Novice: 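Have a look at this one before I ask anything.
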Amino acid sequence: MALTIKKLSINIGKMDILHDESVGIADGYKVGLIGRNGVGKTTLLKAILGQIDYTGSIEFTGKAAYFSQHIELDMTKTVQETIDERLTMHHQGTFEQEIKEIEKKLADPKLYEGDNKEVTRITNRYSELLAKKAEHHSPKSTNKLKPVLQKLEIKEEWLSQKVNSLSTGQRAIIALAQILSSEADFLLLDEPTNHLDFKRLDILENYLKTFKGTVLMVTHDRYFLDRVCNTIIKIEKGKLKKYNGNYSAHLKAREATFEAQQTAYTLENKYLANEKDKIARIGKSPLKVSQGKYREKQMGKREAVEKPDLDKSQFKTHFDASPIDSNVVLEIADLSVGYTKPLINDIKLNIIPGQRTVLIGENGLGKSTLFKTIEGRIKPLFGELIFDSRAKIGYADQELKDLTSNATLYDEINAKLNDMSKTRQNLSMMGFIADEEVFKPISQLSMGEKSRLNLLKILIEKPNLLLLDEPTNHLDIDAREIIETAFLNYDGAILAVSHDRYFIKKIAHRILKAEDKTIREIPMKNDLKF
């Protein structure tokens with residue numbers, strides 16, 4: 001087995017993430033790890049890497065590489081320096097457990113009350129093990145880097161640039177290059193499809209399908225899960241549930257199981273109701289009373305049948321737009337956007353109330369820059385942005401930088417509404433209902449929970465022009481479907497950057513493509529290929 005988990009329990013604060021769970025993944029399998037935001041998917045990956053405490057056992061074979069959804073690159077280095085560093089490999093060996101045990105001994109004051117020779121022996125062994133661990137974790141040279149750079153079409157001019165000058169999508173490509181060029185045989189990927197354009201999504205898909213090692217991947221990209229995975233593991237209610245097949249196969253299996261459980265639950269309740277009715281109609285003679293008690297005793301011995309639950313998010317939401325009577329909410333005339341030089345030139349575009357437009361294109365071509373220019377964070381290099389006098393912009397930044405990390409969810413929304421009842425009502429519409437959710441610090445939220453909160457913060461202002469930069473990134477599948485439906489019923493204009501094929505097919509009235517420093521309209525397609 002590539003990964004063996006036995007009797008695993010993980011607790012974060014007072015929250016039980018997993019309790020006494022076991023699962024295994026065979027060598028070479030491509031596994032999608034799914035579940036609602038906040039159930040512990042990233043936490044499980046970190047437990048596998050030994051980065052958080054847990055009870056039970058986790059064992060994996062070979063060398064593991066980890067892709068973080070936070071794209072953890074040193075922003076001060078150049079792309080060339082970053083790529084040359086390559087990726088840290090994670091190994092697992094008995095010495096790592098021994099290190100933890102020695103650290104506990106060294107922290108115990110009683111150790112130093114005894115023989116100094118024992119202290120010396122333990123300290124020397126500790127130094128030896130740390131050196132061994134450092135050797136295992138040191139980056140190794142690889143001959144796979146050059147072909148990967150070519151495949152990902154990492155341009156030569158990128159190499160001399162600082163990482164902080166790249167777009168979020170370009171940074172994701174660099175992090176992806178580190179993964180694909182590593183010598184790992186076990187890949188732990190946390191939201192690897194976020195921020196990638198269609199070309200790189202296809203490259204990643206093809207790489208993972210032909211990869212000879214094992215993959216455990218967190219993603220909510222339904223299309224990608226279907227194309228790559230042959231096993232699905234779902235975290236729900238603190239349990240690990242394993243399904244054979246891809247995402248669509250897992251849905252069918254879950255629905256079949258749910259129907260069977262629903263039938264069993266209905267039959268059991270019918271039986272119990274009949275028995276209670278019989279007991280109620282039994283006479284009061286000693287013999288009849290004895291029969292009634294016997295029936296009650298037999299009923300008590302029956303194993304309880306729980307009401308089945310598909311574990312789907314139940315919150316409902318809707319988005320209101322401020323009224324606008326004009327035929328055009330925004331006219332873009334001969335616009336050029338960029339920083340020191342243009343990324344996109346001569347943009348001519350009318351944004352119409354009620355119309356949903358999706359902008360696609362490769363990473364780094366200026367799509368996010370266009371949004372920041374429309375919103376006013378960057379000045380146009382040339383041209384005009386002509387807004388209707390009643391236009392009201394709501395801008396959702398894909399990096400979620402507009403949230404206050406040291407505030408609670410309640411603080412963040414109440415600062416806008418100044419009304420406790422309205423604040424709780426609005427939070428509940430995005431699925432934040434319980435006190436432990438509402439008063440949690442934003443810094444402790446999962447990325448998906450932050451994304452939902454960020455959307456709420458924008459939409460309570462009732463904008464009639466939404467600029468959505470990768471709005472489904474980090475959202476779990478249930479939340480995506482709920483929010484997509486809300487967008488379908490939204491009366492304002494939507495201009496979105498997205499590479500989520502299902503999202504595009506579901507909401508787009510028109511599709512624009514950034515290419516060769518211009519923007520042009522392209523036909524809608526049913527095959528989800530753009």
Side-chain angles (χ1 to χ4, degrees), residues 1-6 8 22-34 41-42 44-51 57-69 71-72 83 85-94 96 133 135-152 172-194 196 200-219 221 224-233 240 242-247 249-250:
M1 298 288 278
L3 174 69
T4 303
I5 294 173
K6 294 180 180 177
L8 176 66
S22 301
V23 74
I25 298 174
D27 291 321
Y29 272 60
K30 312 299 186 296
V31 182
L33 179 61
I34 66 172
K41 302 182 294 296
T42 297
L44 176 58
L45 296 187
K46 289 182 176 180
I48 293 170
L49 296 173
Q51 295 177 355
S57 75
I58 300 175
E59 296 179 3
F60 65 84
T61 56
K63 296 173 286 187
Y66 175 54
F67 181 99
S68 170
Q69 63 175 310
I71 312 179
E72 296 169 341
I83 290 172
E85 279 187 346
R86 301 189 184 95
L87 203 67
T88 298
M89 291 292 100
H90 299 268
H91 298 254
Q92 190 176 56
T94 55
E96 294 191 336
K133 181 178 179 180
E135 180 184 351
H136 274 247
H137 282 264
S138 62
K140 303 291 192 270
S141 62
T142 174
N143 59 6
K144 294 170 65 177
L145 182 58
K146 189 173 181 179
V148 166
L149 296 181
Q150 292 172 343
K151 184 178 289 186
L152 288 171
I173 292 168
I174 299 305
L176 182 59
Q178 292 181 308
I179 285 282
L180 301 193
S181 62
S182 75
E183 296 296 331
D185 33 40
F186 182 27
L187 301 183
L188 299 169
L189 309 178
D190 196 358
E191 300 279 16
T193 62
N194 283 353
L196 295 182
R200 274 72 180 211
L201 282 170
D202 287 340
I203 290 169
L204 180 59
E205 175 190 314
N206 292 328
Y207 177 86
L208 294 180
K209 286 197 293 191
T210 58
F211 178 60
K212 292 181 181 178
T214 307
V215 179
L216 178 59
M217 171 176 60
V218 175
T219 182
D221 187 323
F224 202 82
L225 285 165
D226 267 349
R227 300 278 292 177
V228 174
C229 296
N230 52 26
T231 302
I232 298 293
I233 293 177
L240 296 174
K242 186 176 177 181
Y243 301 87
N244 295 324
N246 62 10
Y247 178 73
H250 130 272

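Here the structure is a predicted model, which means the values were calculated and not measured. Positions are given from 1 along the sequence.
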Novice: Looking only at non-hydrogen atoms, find the nearest pair between L204 and P192 and report the distance.
Specialist: CD2-CB, 4.0 Å
Novice: Parallel under 30°, tilted from 30 to 60°, perpendicular over 60°: which one fits the rings of H250 and Y247?
Specialist: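 If you compare the ring of H250 with that of Y247, the planes turn out tilted.
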Novice: If every non-hydrogen atom of V215 is compared with every non-hydrogen atom of F211, which pair is closest and at what distance?
Specialist: CG2-CD2, 3.7 Å
Novice: Within this structure, what is the CG-OG distance for the pair L188 and S68, rounded to the nearest 0.5 Å?
Specialist: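 It is 11.5 Å, given to the nearest 0.5 Å.
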Novice: Which distance, rounded to the nearest 0.5 Å, do you find between the CG of N194 and the OG1 of T219?
Specialist: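 If we round to the nearest 0.5 Å, N194:CG and T219:OG1 are 6.5 Å apart.
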Novice: OH of Y29 to SG of C229: how many Å apart, nearest 0.5 Å?
Specialist: 13.0 Å
Novice: Examine distances only and state if a side-chain atom of K63 and a backbone atom of S182 form a donor-acceptor pair shorter than 3.5 Å.
Specialist: no
Novice: Closest approach of E191 and F67, non-hydrogen atoms and distance?
Specialist: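 That closest heavy-atom pairing would be O-CE2, 3.9 Å.
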Novice: Measuring from atom CD1 of I203 to atom CG of L152, what distance do you get when rounded to the nearest 0.5 angstrom?
Specialist: 5.0 Å
Novice: Would a 4.5 Å heavy-atom cut-off, applied to side chains only, mark Y66 and K46 as touching?
Specialist: yes
Novice: Please name all residues satisfying side chain to side chain donor-acceptor pair (under 3.5 Å) with T231, sequence neighbours left out, ordered by chain then number.
Specialist: none
Novice: Output all residues satisfying salt bridge (Lys or Arg N to Asp or Glu O under 4.0 Å) with K242, sequence neighbours left out; order by chain, then residue number.
Specialist: none
Novice: Does any non-hydrogen side-chain atom of Y207 lie less than 4.5 Å from one of L176?
Specialist: no
Novice: Could you check whether any side-chain N or O of D27 sits under 3.5 Å from a backbone N or O of A2, counting only pairs where one atom can act as donor and the other as acceptor?
Specialist: yes
Novice: Around atom CG of N244, are there more than 12 heavy atoms from other residues, nucleotides or ligands closer than 6.0 Å?
Specialist: no
Novice: Using side chain to side chain contact (heavy atoms under 4.5 Å, CB included) as the criterion, point out the one residue from I5, I233, V23, V218 that pairs with L44.
Specialist: I5
Novice: Considering all heavy atoms of both residues, which atom of K30 and which atom of L208 are nearest to each other, and what is their separation?
Specialist: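 Shortest heavy-atom separation between K30 and L208 comes out as CE-O, 2.8 Å.
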Novice: Can you find a heavy atom in the side chain of D185 that is under 4.5 Å from one in the side chain of K212?
Specialist: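 D185 vs K212: side chains apart.
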Novice: Are any non-hydrogen side-chain atoms of L216 and F186 less than 4.5 angstrom apart?
Specialist: yes
Novice: Quick one, L3 and T214 - any side-chain contact, counting heavy atoms below 4.5 Å?
Specialist: no
Novice: If I take atom CG from residue N230 and atom CG from residue N246, how far apart are they, to the nearest 0.5 angstrom?
Specialist: 9.0 Å
Novice: Which atom pair, heavy atoms only, marks the closest approach of V228 to M217?
Specialist: CG1-CE, 4.3 Å
Novice: Could you report the tightest heavy-atom contact between A175 and I71, atom names first, then the distance?
Specialist: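 Taking every non-hydrogen atom into account, CB-CG2, 4.1 Å.
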Novice: Counting neighbours of NZ on K6 that are heavy atoms of other residues, nucleotides or ligands and sit closer than 6.0 Å, is the number greater than 12?
Specialist: no
Novice: Would you call L196 and I173 a side-chain contact if the rule is heavy atoms closer than 4.5 Å?
Specialist: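 Answer yes - side chains close enough.
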Novice: To the closest 0.5 Å, what do you measure between NZ (K151) and CG (N206)?
Specialist: 8.0 Å
